[in-house]
A.B. asks: 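Here you go, one structure.
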Amino acid sequence: MVVVLRPSPDKEKLDSLILWLQSKNISIHQVVGESKVILGLIGDTSKLDIDMLHALDIVEDVKRVKEPYKEANRQFHPEDTVIKVANTQIGGGSLTMMAGPCSVESEEQIVGIAKAVKEAGATILRGGSFKPRTSPYSFQGLGAEGIELLKIARKETGLPIITEIMEISQLPLFDDIDVIQVGTRNMQNFNLLKELGKQKKPIMLKRGMSATYEELLMSAEYIMSEGNENVILCERGIRTFETYTRNTLDLAAIPVLKKLSHFPIIIDPSHATGKSALVGDLAFAAIAAGADGVMVEVHNDPAKAWCDGAQSITPDTFRGIAKRIIALHEFMKTL
Ligand code: PEP
Ligand code: MN
């Protein structure tokens, strides 16, 4: 249930309303927006008398929230979530370009790519150190060493870093990481999500390859319900009957998730297509559909990449695509 308060509510009346609700075992998520204060009520609200709440003079409106996700719900939080990451921000009209290799391979590789993507306009460096691979015989990532190499690349370029966590035991290694990525295969690793909810760090939650919007938002709710509001959603393609592309990019996710929730949305056209030649066009489509940014795999030598070479673009190609993304993002603001 959502209780919208009248502007500048009387503090004593508000405190006594909150105390009364708490006495009914309802927890309150208070959102102070630019023009309104909203109380998001979490718990069993079925026995609350809506008419009685309506009658209070500090209350403007009361709405039942039928969706199972509450803190992730746009009704609880009408304003867009904007996340500060080092010297950049995600959401709130900013353009986020995350770029870098699928996996960190060496210092020379990650630093070289970091410099190139930064020069082209990237705002965040990506690179996997713990890789969830379909085959146990494939390269599994450099692990802790890869994390150290990402930090070197950050120091060299000033770009904040995002990298994927696969399990709770790896958390101490992520202390100094700017954004933690939860991959498609772990979207419903609820214990991991709860632990990440206890952090203050931004978490980018990738949509499970067969997950519905509601399931994705329930996973975001796991993180938020533990106290971490810094959630970014990422659509990276879903499984369909089509096999030409690695996955199918669900562009509808952008307007739908923006309507249902308040999180910034990033599109990953690399994993969505599996084909480097398609990355640019889908990135442009994502920006035109209102995404807050993209995550793109870039490799200095895609043919020799240890992971996901077929979908990786070169720094040169990235430069051309980034230029058009920036122009398109500016143009969208004028419409
Ligand atoms: C990745 O970003 O490297 C990755 C493994 O992505 P996903 O979880 O979307 O497959
Ligand atoms: Mn990859």
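Just so you know, ligand 1 is whichever comes first in the structure, and atom 1 is the first atom listed for that ligand. Just the heavy atoms: all of them, side chains too, but no hydrogens, waters or symmetry mates, feed the values below.
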A.B. asks: When you check the gap from the basic side-chain N to the acidic O, do Glu215 and Arg207 get nearer than 4.0 Å?
C.D. replies: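 Arg207 and Glu215: not salt-bridged.
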A.B. asks: Output yes when Arg74 and Asp80 qualify as a salt bridge under the 4.0 Å nitrogen-oxygen rule, no when they do not.
C.D. replies: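 Salt bridge: yes.
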A.B. asks: Less than 4.0 angstrom from a charged side-chain N to a carboxylate O is my criterion; do Lys36 and Glu60 meet it?
C.D. replies: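 Yes, charged N to carboxylate O under 4.0 Å.
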A.B. asks: What angle, in degrees and rounded to 10°, do you get at the Mn ion (ligand 2) when you join it to OD2 of Asp308 and to OE2 of Glu297?
C.D. replies: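 The OD2/OE2 angle about the Mn ion (ligand 2) sits at 130°.
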A.B. asks: Counting backbone and side chain alike, does His271 bring an N/O/S atom below 2.8 Å of the Mn ion (ligand 2)?
C.D. replies: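 True for His271.
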A.B. asks: Any donor-acceptor pair under 3.5 Å linking the side-chain atoms of Asp308 with those of His271?
C.D. replies: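 Indeed, the side chains of His271 and Asp308 share at least one donor-acceptor pair under 3.5 Å.
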A.B. asks: Salt bridge check, Glu226 against Lys194: does any charged N sit closer than 4.0 Å to a carboxylate O?
C.D. replies: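 Judged by the 4.0 Å cut-off on N to carboxylate O distance, Lys194 and Glu226 do not form a salt bridge.
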A.B. asks: Which atom pairs, nitrogen or oxygen on both sides, join ligand 1 and the protein at under 3.5 angstrom?
C.D. replies:
| residue | atom | partner | partner atom | Å |
| --- | --- | --- | --- | --- |
| ligand 1 | 2 (O) | Arg126 | NH1 | 2.7 |
| ligand 1 | 2 (O) | Gln181 | NE2 | 2.9 |
| ligand 1 | 2 (O) | Lys206 | NZ | 2.8 |
| ligand 1 | 3 (O) | Arg126 | NH1 | 3.4 |
| ligand 1 | 3 (O) | Arg126 | NH2 | 2.8 |
| ligand 1 | 3 (O) | Lys131 | NZ | 2.8 |
| ligand 1 | 6 (O) | Lys206 | NZ | 2.9 |
| ligand 1 | 8 (O) | Thr184 | N | 2.8 |
| ligand 1 | 9 (O) | Lys206 | NZ | 2.9 |
| ligand 1 | 9 (O) | Arg236 | NE | 2.6 |
| ligand 1 | 10 (O) | Arg185 | NH1 | 3.1 |
| ligand 1 | 10 (O) | Arg236 | NH2 | 2.9 |

A.B. asks: Decide whether Glu71 and His77 meet the rule of one side-chain donor and one side-chain acceptor closer than 3.5 Å.
C.D. replies: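 Absent: no donor and acceptor within the cut-off.
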A.B. asks: Indicate whether any N or O donor in one side chain lies under 3.5 Å from an N or O acceptor in the other, for Thr240 and Glu242.
C.D. replies: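 Not at all, the side chains of Thr240 and Glu242 share no donor-acceptor pair under 3.5 Å.
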